[in-house]
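Structure first, commentary second.
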Amino acid sequence: MKESSLKSIKDLPSTHVLGPGTPTCAGCGALGAIKIFCDILGEKTVFVNAAGCMTLLTVYPFTPFKGSWIYTAMASAPAGAQGVRDALDLLIRKGRLKPEEDLKVVVLTGDGTAYGMGLSSTSSAIYRGLDFIYICYDNEGYGNTGHQFSAATPHAARTATSKGPEGYQRYKKDLFAIWAAHRPAYVATVAGTEPLDLARKIEKAKDLKGSKLFIAFSPCPTGWYFEPAKTIEVGKLAVKTGVWPLKEYIDGKVAHTKVPLPKGKRPLVEEYLKIQGRFAHLFSPTRNENVLEKIQAGVDAYWESIV
Amino acid sequence: MIRKLLTGNGAAAWGARLARVDYIPAFPITPQTEIIETIAHWIGEGRMDSRMTTLESEHSMITSAGAAATTGVRTFTATSSQGLLYGMEMIYTVAGWRAPFVLVNVSRALSAPITLEPDHNDVLAARDSGFLQIHCATCQEVLDSVLLAYRLGEDEKVRLPVIVNLDGFYLSFTREPVEIPDDAKVDQFLPPYDPGETRFRAGDPISQGVAVLGGSQYSYFRYETHLASLNALEIFEEASKEFEELFGRSYQPVESYRTEDAEVIFFMMGSFATKAKDAVDRLRSVGRKVGLLRPRLLRPFPAKAIVRALAGKKGIAVIDQNLSLGKGGILHTELCSALYSMADKPVMVSFIGGLGGRDITREEFYEMVAVTMKAIETGEVPTPRLLYGKEELIQMKGLQSIAKVEQRKGRGKR
Ligand SMILES: Cc1ncc(C[n+]2csc(CCOP(=O)(O)OP(=O)(O)O)c2C)c(N)n1
Ligand code: SF4
Ligand SMILES: [Mg+2]
């Protein structure tokens with residue numbers, strides 16, 4: 001693998017492919033990540049979208065995308081990508097489309113789709129070796145319908161359907177491992193708040209043949225209950241505390257692209273939790289030591305297992 | 001031109017082959033599977049320059065069919081029954097995309113109870129989706145309808161997907177002699193698909209299936225699509241005229257059989273209409289003035305042609321091979337609405353028959369005529385009825401008592 005040409009944040013494009021004026025909430029972490037994807041992927045794209053917040057990026061008669069767009073449904077965006085890819089290949093083979101008119105096919109869905117309803121169509125697309133990019137913006141809940149819990153919601157988080165004193169009781173599904181188990185060309189976890197890491201990963205993966213899959217950590221002020229101005233802080237802390245590992249799968253191996261400081265030196269997970277309303281019940285009226293310890297232990301165990 | 005003995009499924013596959021389809025997203029289901037197997041075989045042998053992708057569900061299959069058609073290739077797919085319903089979200093969606101492609105549905109009754117044999121509840125569940133619907137009664141008609149369907153759906157005044165429907169088992173697995181038209185003539189009838197400006201390519205971006213805010217825009221696009229569907233009535237007549245000139249077979253939106261001087265008309269869809277034809281011939285031979293009217297196009301609904309054909313008739317036996325639970329026969333409802341403002345409209349009697357592949361016997365056709373005649377004479381229209389024999393009921397009761405005994409045995413074991 002060649003050295004990335006993106007050495008520092010200054011190497012990222014300063015003009016943007018995605019246009020301004022989208023109807024997402026202020027401070028939307030998902031949009032921040034998608035902007036970087038658009039910058040690196042360029043204009044020759046067709047985005048195949050599933051139901052979620054980002055469906056409203058393209059509302060008649062406006063679109064912020066410089067390339068094409070098709071909204072499918074909640075469950076079957078990867079199948080839409082299959083149809084588009086197959087059709088483009090056929091058109092090129094039969095001489096009805098010039099090779100330079102080809103497009104990169106990019107699936108864009110939320111976690112609700114990626115971790116749940118769309119898992120079957122995604123698994124099948126990867127299994128068929130579909131040449132596409134999948135961006136899952138992970139805001140850890142069914143955002144568009146008012147932030148109910150999804151299979152991506154972390155333990156203890158309060159959502160519209162987990163309002164009890166303990167919050168959400170189950171644990172976040174490991175989609176990275178599920179995707180990697182299919183042995184696709186590339187899988188990565190990324191965050192819009194780590195633009196250099198994100199841009200390098202897209203650069204590295206975009207021209208690989210096969211399925212290139214991204215799970216983008218997407219702080220959501222509206223669903224997580226924090227001030228829109230704190231999106232960057234939430235994102236940075238998720239990585240620093242070790243809650244959101246930045247990693248990639250390529251050629252059968254998993255590598256971490258940014259490792260937090262060792263235990264004892266890195267900030268505690270509660271630094272990340274306490275700035276979000278969805279975890280407020282862990283701190284007041286009384287500290288829920290039990291749950292906080294459990295969450296911290298989970299993160300520590302993860303990092304212990306990989307070094 | 002050659003003549004071959006083909007099943008309905010074989011005829012559907014031949015239609016796709018002659019139409020030179022580029023792309024076939026697929027998923028198996030009885031009784032449709034022979035269609036995709038036949039096409040897969042031809043692609044393997046290099047007789048079709050196409051690509052088949054087997055998806056993991058019909059929901060995905062219909063998504064990818066619509067997406068491929070939107071990208072600009074001629075697309076064909078096939079399903080039945082549970083498959084059509086599994087993909088129903090996308091049936092509506094791809095019609096809204098105005099993605100023209102052909103879906104052959106091989107009718108099979110719906111679960112529960114689960115069964116393999118046909119009726120029309122599956123395809124009628126797609127009635128309001130925006131897909132055009134052509135219903136076939138013979139294997140030849142299946143092949144020809146696939147070609148007509150592409151002409152219809154791809155026409156720029158229409159731009160909608162089309163379902164070509166045939167009955168499972170009765171047509172899908174029945175061999176009939178079918179004329180296979182010459183490639184060159186088909187090419188003349190059906191030039192390559194021209195997607196115009198609506199397709200994906202670099203440098204010329206489009207957005208498909210975008211959200212709208214509010215009912216005003218939504219209403220506009222929905223009604224526009226409705227009008228596009230209605231345009232298909234005119235295009236059907238044009239295309240079938242050309243089809244007749246080239247191939248010598250004539251297809252009207254509604255098939256009329258011995259209706260001219262008829263007083264009583266059977267009104268029904270699909271392959272069971274051939275049974276009605278036989279009954280018509282026999283009744284005619286003993287002097288009864290009966291005929292058959294069979295809508296070939298169900299969407300758009302050829303209301304004018306139906307009204308024209310039924311003017312002056314005394315009675316209609318509407319035979320629905322479907323059942324809207326809690327309402328009754330769907331064709332009956334559609335026909336009533338079409339004839340409502342007609343002066344001196346005929347008496348309409350509703351029969352439900354052929355559910356789950358149950359046969360409709362010759363005697364039942366005679367009986368339906370007798371019931372309809374009586375309604376004409378008395379002016380009293382009987383309540384809708386299910387075609388169901390005494391013997392059949394006795395057998396059914398027998399099965400029920402066996403089931404009870406078995407259930408008791410099962411309880412005893414515990
Ligand atoms: C078949 C179907 N079921 C339910 C919905 C309602 N729905 C729309 S968006 C959405 C949430 C999707 O969650 P996610 O994928 O995480 O995206 P987000 O809303 O968080 O952006 C749901 C449940 C739908 N559009 N389609
Ligand atoms: S709800 Fe969250 S993910 Fe959705 S647009 Fe708002 S900030 Fe973005
Ligand atoms: Mg979400």
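Letters go in sequence order (proteins before strands), and every chain restarts at 1. Keep in mind that what you see is a predicted model, and the values were worked out from it rather than measured.
Of all the listed residues (A:K98, A:E100, A:R93), the one sharing the greatest number of non-hydrogen pairs under 4.5 Å with chain B is A:R93. Between chain A and the options B:P205, B:G209, B:G96, heavy-atom pairs under 4.5 Å are most frequent for B:P205. Comparing B:I62, B:D204, B:V210, B:T70 by how many heavy-atom pairs each has under 4.5 Å with chain A, the most go to B:V210. The candidate with the highest count of non-hydrogen atom pairs below 4.5 Å against chain B, out of A:D86, A:T45, A:L97, A:L57, is A:D86. In terms of non-hydrogen atom pairs under 4.5 Å with chain A, the most contact-rich of B:V94, B:V212, B:T53, B:T93 is B:T53. Residue with the most contacts toward chain B among A:K104, A:R96, A:M74: A:R96 (heavy-atom pairs, distance under 4.5 Å).
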Next on the checklist: What verdict does the side chain to side chain donor-acceptor pair (under 3.5 Å) test give for A:T55 and A:N49, after you've listed the backbone C-alpha separation in whole Å, the side-chain angles of each residue and the deciding distance to 0.1 Å?
Outcome noted: CA-CA 7 Å; A:T55 300; A:N49 175 238; 2.7 Å; yes
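Proximity to chain B involves both the backbone and the side chain of A:V59, based on heavy atoms less than 4.5 angstrom apart. Proximity to chain B is limited to the side chain of A:T63, based on heavy atoms less than 4.5 angstrom apart. Both the backbone and the side chain of A:Q82 come within contact range of chain B, judged by heavy atoms closer than 4.5 Å. Interface residue B:Q217: only side-chain heavy atoms are found under 4.5 Å from chain A.
Side-chain contact, B:S60 with B:E56: a donor N or O sits under 3.5 Å from an acceptor N or O. The closest side-chain donor-acceptor pair between A:Y186 and A:S211, if any, does not fall under 3.5 angstrom. The closest side-chain donor-acceptor pair between A:T222 and A:H147, if any, does not fall under 3.5 angstrom.
Ring geometry for A:F47 versus A:F65: interplanar angle of 30 to 60°, hence tilted.
A cation-pi arrangement is absent between B:R74 and B:Y23 under the rule of less than 6.0 angstrom and at most 45 degrees off the ring axis.
Just one residue in the list B:V21, B:T75, B:V73 forms a side-chain contact (heavy atoms from CB on, under 4.5 Å) with B:F101, and that residue is B:T75.
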